[in-house]
Amino acid sequence: MNWQLQDPTETIGHVDHSAGESTSTAPRPGLSPSEGPVLVATDGVGRVDTLCEAARGVAMQLHALIEVVGVCEPTPLSPGLGGDVLAPAELDLERQRVMQRDVQRALSLATRGDPAWPVNVRLGAPADVLACEAEQRRASLLVMGIGRHDLLDRLLGTETTLATIRRVRAPVLAVGPSVSAPPRVAVVGLDFSTASLRAARLALRLVGEQGRVALVHVRPRFDHPSADWRAWDQEYGRTLARLFTNVVGELAAPRGVTIDTVTLRGDPATALLAYAQQAGADLLGIGTQRQSVLERLLVGSVATRVIRNARIATLVVPSPEVVSAAPLDCEPARPGETPT
């Protein structure tokens with residue numbers, strides 16, 4: 001791929017708070033720990049160690065507890081004479097028990113001992129169950145694997161991570177095969193929407209007091225010889241400088257955190273992924289807007305392409321409109337429902 005990361009006419013801003021006057025008792029930006037635990041989604045298979053490492057790192061930064069949820073999909077209907085035949089209820093109950101043991105065993109191995117994190121295994125569609133669990137527990141963050149990337153999975157629309165992001169109202173941290181916990185260098189896609197500002201605030205909390213956050217705005221690459229276009233483009237640049245200044249002031253980064261402001265040109269998903277790699281980032285943050293039915297289905301093309309192609313931990317933060325919408329249609333959690 002031959003394209004230029006940084007347009008030579010653009011600017012990179014830098015704000016270093018390490019010499020600031022703020023004290024260690026200043027309030028930290030982001031979510032309040034009282035909003036709920038860090039929720040880890042796992043079926044006990046795959047890189048559970050990576051999920052545990054990521055969860056511990058972010059929970060430490062958020063001062064939150066950790067809880068674990070597994071989702072056991074119901075046994076598919078079996079074709080039989082005269083129509084479909086439902087699997088016996090006992091079969092799904094036994095599968096839940098097996099997953100419960102698998103998850104607890106995997107957690108013990110991944111943490112070299114029992115972390116004593118509560119484990120709950122529910123029966124249902126993963127995206128729906130995880131969204132409801134996060135809602136009912138008022139989760140501060142949902143941590144899950146970044147999922148499969150194969151073509152068939154995309155065509156069928158069954159990528160669990162994306163399906164969950166379409167439903168859940170809590171921020172989601174999707175982690176790949178390796179993770180830095182807590183992250184130290186974060187790149188946040190900034191389009192100056194409320195969702196992207198929420199992503200920036202949460203990224204600031206996750207990188208900790210000595211971290212670095214790059215706020216990256218991607219301008220469209222569209223060149224036109226007309227004078228009107230040149231005038232509009234110049235005004236765009238002047239407006240960006242003011243917007244960046246306002247955002248950095250609003251974020252009120254704690255002492256020791258470095259904030260960079262970066263302007264790129266090109267396709268947003270491609271530019272963000274490439275810049276994150278160039279910057280050596282271990283966290284990529286984006287905000288999502290999901291107000292219409294179509295937007296909820298698509299999640300936003302930028303978010304979808306980032307999740308499908310990211311090789312570092314990706315933080316996806318929904319807009320306040322999504323968070324404050326009508327409650328999800330969830331079955332109330334019943335104590336003791338998960339078999340032991």
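This is a predicted model, so every value here is computed, not measured. Values below: all heavy atoms of this structure, side chains included; hydrogens, waters and symmetry mates excluded. One is the number of the first residue; the rest follow in order along the sequence.
- To the nearest 0.5 angstrom, Leu251 atom CG is 7.0 Å from Leu197 atom CG.
- In this structure a side-chain-to-backbone donor-acceptor pair under 3.5 Å is missing from Asp282 to Ala313.
- Under the 4.5 Å side-chain heavy-atom criterion for Ile, Leu, Val, Met, Phe, Trp and Tyr, Leu173 and Val185 are members of distinct hydrophobic clusters.
- Side chain of Ser180 to main chain of Pro183: no donor-acceptor pair is present (N/O by atom type, distance under 3.5 Å, no hydrogens or angles).
- No donor-acceptor pair closer than 3.5 Å links the side chain of Arg219 to the backbone N or O of Leu264.
- A 4.5 Å side-chain heavy-atom check between Arg198 and Pro318 finds at least one atom pair inside the cut-off.
- Here the OG1-CD1 distance, from Thr288 to Ile286, works out to 7.0 Å after rounding to the nearest 0.5 Å.
- The SG atom of Cys72 sits 10.0 Å away from atom CD of Glu94, with the distance rounded to the nearest 0.5 Å.
- In this structure, Phe192 and Asn246 have side chains that are not in contact, with every pair of non-hydrogen atoms separated by 4.5 Å or more.
- You'll find the side chain of Ile146 stays beyond 4.5 Å of the side chain of Val175, heavy atoms only.
- Side chain of Thr270 to main chain of Asp267: no donor-acceptor pair is present (N/O by atom type, distance under 3.5 Å, no hydrogens or angles).
- In this pair, Tyr236 and His217 present their aromatic rings tilted. The plane angle is within the 30 to 60° band.
- You'll find the side chain of Val69 reaches within 4.5 Å of the side chain of Leu130, heavy atoms only.
- Taking both residues in full, the closest heavy atoms of Pro182 and Gln61 are given as CB-CG, 3.8 Å, listed atom of the first, atom of the second, then distance.
- At a threshold of 4.5 Å between non-hydrogen side-chain atoms, the residues Glu133 and Arg122 count as touching.
- Although no hydrogens or angles enter the test, the distance criterion places no donor-acceptor pair under 3.5 Å between the side chain of Glu73 and the main chain of Pro126.
- Here the side chain of Arg112 pairs no donor or acceptor atom with the backbone of Ala110 at under 3.5 angstrom.
- When all heavy atoms are compared, the tightest approach of Ser140 to Gly36 is OG-O, 2.7 Å.
- Side chain of Thr164 to backbone of Thr160: a donor-acceptor contact under 3.5 angstrom is found.
- Between Glu209 and Arg255 there is no salt bridge, since none of the side-chain N atoms of the basic residue sits less than 4.0 Å from a carboxylate O of the acidic one.
- One finds the CD atom of Gln234 at 11.5 Å from the OG1 atom of Thr239 (value rounded to the nearest 0.5 Å).
- No donor-acceptor pair closer than 3.5 Å links the side chain of Thr314 to the backbone N or O of Ile307.
- Between Val168 and Glu135 the shortest side-chain heavy-atom distance does not fall below 4.5 Å.
- Put simply, the side chain of Val247 reaches to within 4.5 Å of the side chain of Leu190, judged on heavy atoms.
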Show me the donor-acceptor pairs, under 3.5 Å and distance only, between side chains in residues 46-58 and residues at least two apart or in other chains.
residue: Arg47; atom: NE; partner: Asp49; partner atom: OD1; Å: 3.2
residue: Arg47; atom: NH1; partner: Pro177; partner atom: O; Å: 3.4
residue: Arg47; atom: NH2; partner: Asp49; partner atom: OD2; Å: 3.3
residue: Thr50; atom: OG1; partner: Pro177; partner atom: O; Å: 3.3

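- The structure places CZ of Arg166 at 10.5 Å from OG1 of Thr161, a figure rounded to the nearest 0.5 Å.
- The existence of a salt bridge linking Asp128 and Arg167 is confirmed by a sub-4.0 Å separation between a basic side-chain nitrogen and an acidic carboxylate oxygen.
- To the nearest 0.5 Å, atom CZ of residue Arg201 and atom CD of residue Glu250 are 6.0 Å apart.
- Contact of the Asp102 side chain with the Asp43 side chain is not registered, since no non-hydrogen atoms from C-beta on lie closer than 4.5 Å.
- Checked by atom type and distance alone, the side chain of Thr42 never pairs as donor or acceptor with a backbone atom of Val40 at under 3.5 Å.
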